[in-house]
Every structure is written in structure tokens, then in C-alpha cells.
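I have placed the structure first, in the form of C-alpha cells, so that the comments after it can refer back to it.
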Amino acid sequence: MRLCVIALGLGSIACGLFSCGNARPQGQGEQGRAAPPTAWVIPQFNDQTARAGLRFRHDNGSSGRFYYPEIVGPGCGLFDYDNDGDLDVYLVQSAPFPGWKGDVKSLSNKLYRNNYDGTFTDVTAQAGVSGIVNGKKTYGVGCAVGDYDNDGDLDLLVTNYGACLLYRNNGNGTFSDVTPQSGIKGEGFWTSAAFFDYDKDGDLDLFLCQYIKYHLGADIACGANYKQRDYCPPGFFPPTQSVLYRNNGNGTFTDVTKSAGVVSDYNKALGVVTADFNGDGWEDVYVTCDLTPNLLYINQGNGTFKEEAVDQGVALNELGQPQASMGVDARDYDGDLKPDIVVTNYWLEGANVFHNLGADLFADLNQQTGIGPATLKKVGWGAAFRDFNNDGLLDCFMANGHVLLFPDQSTPGAEVKQADLLFLNVGGGKFRNVSAQAGPWFKTKRVARGAAFGDVDNDGDIDVLIAHNNDAPALLLNDGGNKNNWLQVKLIGKRSNRDGIGAKVFATVGGKTVYDEVRSTYSFASANDLRVHFGLGKAEWVDTLKIVWPSGQQDVFQRVKANQILSVTEGETAK
């Protein structure tokens, strides 16, 4: 995140997330183009936080001393911890800093069980995932989920300012803190994290984003140029290293950062997403960084990675400048069966959309999508491009909020609290800002950070959970997104990792093919629904559903009925 202004020409304002036409069948080289629908279904997002019983308020532990971690979190999570088929909610809490005068007993991460009647029950105490270690609350930033021990239950990792926490799911509604014996260690300023199987051995490995080298009081000299004291810019702090852990298959992890080549001299990592960007069957890693170039680690298939962000055109903006990048997602927005990248940035930067041209090259399409003007005067964090109205075209949601208490001092007109944005894909590579028509939530201004995406009520459309800094979260249920048909696919790996993370799912409808990859980590510091979701428009069947597992196994199903959550076990019949 940027706390100072760098003047940019309008040509550098990269915006937008999708130029989505419908895809052509797999293997067809020409990009498919969809005609704009005759009428757009604009989903209504309704804030159901109070009704759901999510009685939580984030407290960043501040006392007026402007410690830098206070402005970074929190993230949040949507995941099915108890395997009952619906998504539960995890909310990350921080901890007191010197001078804080609140009630320490009130600070806890929270796990809420989905009752599947629109309400949730706080099960934190019995589950054992409070983030409290030896009676002391850890300073939470974000979270990630994945079944790292392949026992059929999703495990939970919490990133902290300090040491991270690994909670192993016991399969009975409880978790055990296995951090000490896991091999995951080290104090740091950890932000986002990703479980993925980089070596395709069937076990989930772990990438941990580390932000900056920081200790309390390091920023005490900042603020001389402000009339009112405010937080330091990120350039005040030196970069550090993110970390790659290899899963040993026995409940422990080994730090392979250096041997795998996941090193950088300018890492200030905030967001991460994994995807097979070059189509070679191996998961790569894209990392968003704050005022340093973003990073793209290409998997070499031999246990090592090569950093190629500058060479491939995804490190900098069009003027060759690093930006203050936070949130990230990677999906095929234009239907050419190659994953593209969207990045949220700071005030006056706008969002990047890096279109995957193939041949290890991306192009930043910036204003072509029409999202630029709306994102220019936003500080963007959690984001995703998902099909919110199930018309077969990927839309875009962005959660926004400033990092300064007095941003108008350095960027006149900037607000601390900002409204979120919803863009609908109208075909032909264009998007329409429908925020004003998508419900009263988009007139609400908050200081957003993480956002998690998934079908909370299992009605076939994508809902959103937003974490706010120093505020209550928001559970936004999608109303009307399921007026079109849909299909969700839950994968269960056998030879592949149990979650099927890294698997590619192709859906062919009416001669056109779209695809997605199974992943939990994208957006910012948040864990998302692992089920793959396809909007089908008015189609009542998926003609062909093809799954390419990390193991190389391919499962193909014909005439899959719409409007269901389909469970597929690797190498077996779908259910």
C-alpha cells in the first residue's frame, strides 16, 4: 500500500478485470467473443451480518502511536471446517500494542459454524482456534486453508505479525495447534499465504508472504511532513523474504526457499495467488508487492522456480513503475483458456489487468475494460473476478479502504472510508459499474481489507465476506444471482492432494468451453470456497465436464445437469 503520491499518466492507469467473451472449445486458438446479453441480471448484495449472528468487531490494537501493522489487516475465511456441506466463517483479530487501553479478554479470532438457516454459531472456544497462545493473543493478519495432512478435513493457517499458527483439524469439530512440531517457524510480518502442491507429490506445500522488516518503534520518526501525525509510507521500511515450505508428508514442513529459488531483493509481499500461468501443468506463484515490483515465480517442474515478472510484463505498470499492490486474483477472463491476473492498487493507480497472451507474455489492458475511472480514486484490497449473476461471464468485486487516518493531507479528496465496487461483464471486453444498482451496501463506506468469496447459503450464486479494519465484518448475500443456471464442483483427490488444489476443471456448454482451477487463496489475506463455480446462463446441462487432476488423471463426464453441487472423487463416478 502506498502512503505517498507518485504522479502517473492516465495511460498507466490499469483497470478492469475482464474482457470476457465466452470461450471457444478447448484447443481452438481464436478467442471467443460473446454478444452482450439483451438484459443484465444485476444481483443485489444484502448485508446479513447482524441476522447471521456474526458478533465481531476488529480492533487493530492502536493507541495513537502509529505502529505500522495496525493498518494492514485483517483477512477472513470461508471454509467448511466440519464437512457438513456448507461454508463456515473465520474472522481474524489483532492484539494490543503498547498503550492500548481495551479489554484484552475481548480479543480473539472467531470461528462461526454455519447453521444453514441464515444464522451462525460461535464455536471458537470448543474448536480451539482463538489465536491465543499461552494466554497471550497473537497479532492476527490473515488466514489460509488446506488439508495439508490429507485426512479429509480442512486445516487452518493464521498469519500474524509475529509467528504464524498452524491449526490441524481433528475431524471432530476441534483443532490442535501443531505449530511447534510443524517446522513452520520464525517471527515476521506475515500477510497472505497459499497452500498448493508445487511438486505434485500429493501433499500441500505452503507459501508465506512476508511484508517488510519491521519492529515496534521503527516508524517513530515518520510524520514530520504532516500537519497531523499519520502512518509511515512503506518505502520507509526495508524489504524482506517470503518463504516456501515443502510438505514432508509426515505432518512437518521444510523451508526450501533458497534451494527452490524463491528469493528476491525487493520482496514486500502482501497478496498471493497460485495458477498454472504457462500451461505446462505445474503451479506457479504470483505475488503482489508494495512499492516494489510484483513477483512471478514460474515452476520449473524440478523443485525450483524462476522469477520472471519483469520479463513477462507483470511486475510494473505501463510506465515501468512499481505500484502499491495489495489484492490479486487469477482466472481466465477472456475465454482463451489461459489464466490472467488482476491486481488492486493504491489511490490514483487504479487496478491492473494483466492479459495472458501466451508465450510467457502478458499485456496490461488498463482502461480498455472500462473499470479504470471507478478504481482510480480507490485504495483497493480484497478482490475477485467471479460470475456473480451466473451469465457465463466473469464479473468483478473490489473491497476498498484507505490506510491513512488523514489521507487528504497528501492526496486531496481522498477518504478514509470508501465504498466497494461491483462491475458486471457486459461482453466484448467491457464492464459496467453497477454498484449504484446492486443494493444499499455499495453506498456504505468502510475501511475494507480482506474479502472472501463463496456460496454461503448453497443457492448457486457467489456471496462475499468482507473484513474491515477497526470495524465489524460484512456478510453480503447475493440475491438474484441464481436467476440464471449454475454448476458447482467439489473435488476430492486420491493420488492428488485431497482438496484437488491445482486441478483444472473445463465446462463445455453449447460448443463453448470455460475453465477454472481449484484454489483457496486469492483476494487479500483470505481463504475462499474451494468449490469451482460456473455460471451457465439459461443452459440446463453442461455438455461435457472435464477434470485434469494434478496427478495427470483425467475424468470426463457428459450431460451434467445444472443447478447442483457435484462431488467428484479422483478416478471415480461423480455424485
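Atom set for the values below is all heavy atoms of this structure, side chains included, hydrogens, waters and symmetry mates excluded.
Looking only at side-chain heavy atoms (C-beta outward), I462 and H533 come within less than 4.5 Å of each other. Using a 4.5 Å heavy-atom threshold, the side chains of T344 and M398 count as touching. At least one side-chain heavy atom of V314 sits less than 4.5 Å from a side-chain heavy atom of I341. Using a 4.5 Å heavy-atom threshold, the side chains of P322 and L291 count as separate. For the pair N389 and L424, the minimum side-chain heavy-atom distance is below 4.5 Å. V158 is listed as a side-chain neighbour of Y90, based on a closest heavy-atom distance under 4.5 Å. Between E307 and S264 the shortest side-chain heavy-atom distance does not fall below 4.5 Å. A 4.5 Å side-chain heavy-atom check between L566 and V560 finds at least one atom pair inside the cut-off.
Under the 3.5 Å distance criterion, the side-chain polar atoms of N425 are left unmatched by any main-chain donor or acceptor of L393. Panel note: side chain N46, backbone L476; no donor-acceptor pair is recorded below 3.5 Å. Of the possible polar contacts, none joining the H58 side chain to the P473 backbone as a donor-acceptor pair under 3.5 Å is found. Using modelled atom types, one side-chain atom of T411 and one backbone atom of P407 make a donor-acceptor pair closer than 3.5 Å. Between the side chain of N478 and the main chain of D461, no donor-acceptor pair closer than 3.5 Å is present. The backbone N or O of A324 sits nowhere less than 3.5 Å from a side-chain atom of D290 that would complete a donor-acceptor pair. Looking only at distances, a side-chain donor or acceptor of K268 sits under 3.5 Å from a matching main-chain atom of P234. In this structure, the side chain of S526 engages the main chain of C76 through a donor-acceptor pair within 3.5 Å. The main-chain N or O of W549 is never found under 3.5 Å from a side-chain atom of S496 such that the two would form a donor-acceptor pair. S192 contributes no side-chain N or O that, together with a main-chain N or O of C209, makes up a donor-acceptor pair within less than 3.5 Å.
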task: Under the side-chain contact (heavy atoms from CB on, under 4.5 Å) rule, what do R386 and F397 come out as? Steps first, then yes or no, please.
output: CA-CA 8 Å; R386 306 300 304 269; F397 185 102; over 6 Å; no
message: Pair N390, K483 - check side chain to side chain donor-acceptor pair (under 3.5 Å), show working.
response: CA-CA 8 Å; N390 285 346; K483 290 181 179 179; over 6 Å; no
message: Would F207 and Y245 count as a ring pair (Phe, Tyr, Trp, His ring centres under 6.0 Å) here? Give the steps.
response: CA-CA 6 Å; F207 187 94; Y245 285 101; 10.0 Å; no
task: Please test N458 against R531 for side chain to side chain donor-acceptor pair (under 3.5 Å), starting from the C-alpha separation and ending with a verdict.
output: CA-CA 11 Å; N458 283 343; R531 297 173 295 188; 3.0 Å; yes
Test log, rule side-chain contact (heavy atoms from CB on, under 4.5 Å), inputs V263 and T257: CA-CA 7 Å; V263 293; T257 308; 4.2 Å; yes
field: Y286 and N294: CA distance, side-chain angles, deciding distance, side-chain contact (heavy atoms from CB on, under 4.5 Å) verdict
entry: CA-CA 8 Å; Y286 183 77; N294 295 338; 3.1 Å; yes
- request: For the pair D360 and Q312, evaluate side-chain contact (heavy atoms from CB on, under 4.5 Å) and give the outcome as yes or no after the intermediate values.
  value: CA-CA 6 Å; D360 299 329; Q312 296 201 24; 3.8 Å; yes
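Residues T288 and S325 approach most closely at CB-CB, 3.7 Å, considering heavy atoms. Scanning both residues, S523 and F453, for their nearest heavy atoms gives OG-CE1, 3.9 Å. The nearest pair of heavy atoms linking R449 to V72 is CD-O, 3.4 Å. Listed here is the closest heavy atom pair of P412 and W347: O-CZ2, 4.5 Å. When all heavy atoms of P74 and V92 are compared, the pair lying nearest together is CB-O, 3.4 Å. Nearest heavy-atom pair across Q241 and D265 is NE2-N, 4.5 Å.
To the nearest 0.5 Å, atoms CG (L204) and CG (L157) are separated by 12.0 Å. Taken to the nearest 0.5 Å, the CH2 atom of W381 stands 11.0 Å off from the CG atom of N400. The CG atom of D471 sits 11.0 Å away from the CD1 atom of I466 when rounded to the nearest 0.5 Å. Expressed to the nearest 0.5 Å, how far CG of L394 lies from CZ of F388 amounts to 9.5 Å. Residue L91 holds its CG atom at 11.5 Å from NE2 of H468, rounded to the nearest 0.5 Å. Atom CZ in F196 sits 9.0 Å away from atom CG in D284 (nearest 0.5 Å).
Using cut-offs of 30° and 60° on the angle between ring planes, the pair Y211 and F189 is perpendicular.
Between the side chains of N528 and S520, no donor-acceptor pair is found at a separation under 3.5 Å. Side chains of D334 and H355: a donor-acceptor N/O pair is present below 3.5 angstrom, by distance only. No hydrogens or angles considered: a donor-acceptor pair under 3.5 Å links the side chains of N267 and S242. The closest side-chain donor-acceptor pair between N352 and N345 falls under 3.5 angstrom. With no hydrogens or angles considered, a side-chain donor-acceptor pair links D455 and Q488 at under 3.5 Å. Between the side chains of E70 and Y231, a donor-acceptor pair is found at a separation under 3.5 Å. Counting only N and O atoms by type, the side chains of N563 and N485 include a donor and acceptor under 3.5 Å apart. Remark: the D420 side chain and the W441 side chain contain an N/O donor-acceptor pair separated by less than 3.5 Å.
A ring-ring contact (aromatic ring centres under 6.0 Å, His included) with Y515 holds for exactly one of F534, F506, Y333; it is F506. When L78, V456, L87 are each tested for a side chain to side chain contact (heavy atoms under 4.5 Å, CB included) with D463, only one passes: V456.
A distance below 6.0 Å separates the ring centres of Y68 and F237. Aromatic rings of Y346 and H402 (six-membered ring for Trp) have centroids within the 6.0 Å cut-off, being under it. You'll find the ring centres of F305 and Y198 inside the 6.0 Å limit.
Taking a cutoff of 4.0 Å between a charged side-chain nitrogen and a carboxylate oxygen, D276 and K504 qualify as a salt bridge. With respect to the salt-bridge test (charged N to carboxylate O, under 4.0 angstrom), the residues D516 and R331 qualify.
Both tests hold for K200 against W282: distance to the six-membered ring centre under 6.0 Å, angle to the ring axis within 45°.
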